[in-house]
Amino acid sequence: MEQARGQWGSSVGFILAAAGSAIGLGNIWRFPYVTGENGGAAFLILYLLCVILICLPYLFAELVLGRHSHKNPVGAIEAIRGKGSPWVWAGALGVITGVGILSYYAVIAGWTVGFIFKDFIAPHLDFAGFTGNPLVSIPLFALFIVLTVGVVLGGVESGIERTAKVLMPVLLVLMLLVIIRGLTLPGAKAGLEFYLKPDFSQVTSKTVLTALGQAFFSLSLGMGAMITYGSYLPKTANLRTSGAFVAFFDTLIAVMAGFMIFPAVFAMGARPDAGPSLVFVVLPQVFASMPMGHLVSMVFFILLTIAALTSTVSLLEVVVAYFVDERLWSRKKSAWTVGVVTFVVGLPSALSAGASGSLTHMTFLGKEGFLGIMDYLWGNISLALGALLLSIFVGWVWGVKQAGEELKLGSTITDSGVRLWGIFIRYIAPVVIFIVLLDVFGVFD
Ligand code: PFF
């Protein structure tokens, strides 16, 4: 059976694919705007602490769960607790969250594609004018879903891995180019200062919690994406090294995105706390006043599209793996069915950027707009809940001893290393995540 199931061709292929999942709009669009809103350097430091203390140990839990069973999130839990176990719902939540996140993430990714060509087809329109036109946003959204389905159809090795292998290095090089351009703009220094000189006087508990939420989202944690990607790893793979590489690359790209955006924003006299529109509103202005601005803009949005695609592929893959493993559907049937369903679920998000007044202005839990509400429900609440359940499952239900045996396969990790990891996964991660959830539900307001 394992033979019929896909497997990564090499550990480099896995690392690139998993890093491709992690690196996406979360790094390049969400990280800079959240950092900009939360004071810059101090937030960056908190974010790095969250990655190291919470996300990295939790990442190993997801990878170990996936490789143990070679299954999707639902199958992985069934393999340990049996079919009727209520813990299976923790895996099912991940599969549902995959559709939830993909439904609006692909909308933003569609805008990204649009912005590659915007200077040429609609230079007079601003962000709202462009994304608020359903004749623009819906076809772009559909296109992105089709692109994602296309890659997932190729399967694990030929589709996902090959795409990631080519695209990831290209992404790195393109980012470096934009960073160098931004850093050489007059006035860029103020941006560097904002990003690197911490001012902790503005930090509240809410800032800490925002940093943690951003770290989960960015590392693709809490919905079983890393369970699924881990499930395609052979027993000989070194989970510790691979996981550490993935976290390192993801964090590197987020930090680089900050270097790409803040110097440029300050050089332009723009505001770092412009919010979710930061990338889409501020940067095109920055590009427009730069020599070869059209080219820089195109390069940037191509880069963002690449990053988004390797992430949407992992979101879809979680759901497809469930239907392939558990429902015995073909990869083709699974990918197209989930793609169409996601498109339908995402239509209100695509219309909420100005095309439909009621969707644009609806509010729920303090968030405005259908897309913002979806991001909050799936990208925030659901990920935190999923990570809480899965860390308890691995740390307490499956147990550190059993999980540790799996973690040790293929790596040189010692018993005391496993014990240390156990402390993080049993106590630190669940407690901190629980506090995040309380905050999400407004207990601290
Ligand atoms: N990590 C992706 C990003 O930073 O854009 C988003 C994401 C992908 C979240 C896959 C969750 C996931 F399972």
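What you see is a predicted model, and the numbers here were worked out from it, not measured in a lab. Counting starts at 1 for both ligands and their atoms, in listed order. Side chains are part of it too, since the values below use all heavy atoms of this structure and drop only hydrogens, waters and symmetry mates.
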| query | Quick one: does M223 get an N or O within less than 3.5 Å of an N or O on ligand 1? | reply | no
| note | Residue, atom and distance of the protein heavy atom nearest atom 5 (O) of ligand 1 read Y105 OH, 2.4 Å
| request: Run the numbers for me: atoms of ligand 1, each under 4.0 Å from some heavy atom of S218, listed by number. | output: 1 (N), 4 (O)
| request: Would you check the N or O atoms of L383, main chain and side chain alike, for any that come under 3.5 Å of an N or O of ligand 1? | output: no
| Under 4.0 Å to a heavy atom of A225 - the qualifying atoms of ligand 1, by number | 13 (F)
| note | Nearest non-hydrogen protein atom to atom 8 (C) of ligand 1, with distance, is S220 OG, 3.3 Å
| What is the ring orientation for Y232 with W8, classed by angle as parallel under 30°, tilted 30 to 60°, or perpendicular over 60°? | perpendicular
| query | Are the ring centres of Y33 and W29 closer than 6.0 Å? | reply | yes
| message | With a 6.0 Å cut-off on the ring centroids, do F31 and Y47 count as close? | response | yes
| How about F130 and W111: are their ring centroids closer than 6.0 Å? | no
| message | Tell me if the aromatic rings of F14 and Y229 count as close, with their centers under 6.0 Å from one another. | response | no
| request: Would you tell me which option among A19, A254, S311, A22 has the nearest heavy-atom contact to atom 4 (O) of ligand 1? | output: A22
| query | Quick one: do the T207 and T204 side chains pair a donor with an acceptor below 3.5 Å? | reply | yes
| N/O of L315 under 3.5 Å from N/O of ligand 1, yes or no? | no
| field | Under 3.5 Å: N/O of I23 near N/O of ligand 1 | value | no
| message | Under 4.0 Å from a heavy atom of N27: which atoms of ligand 1 are those, numbered in the order shown and with their elements? | response | 4 (O)
| query | Would E62 and Y58 count as having a side-chain donor-acceptor pair, cut-off 3.5 Å? | reply | yes
| Which protein heavy atom lies closest to atom 9 (C) of ligand 1, and at what distance to 0.1 Å? | F217 O, 3.4 Å
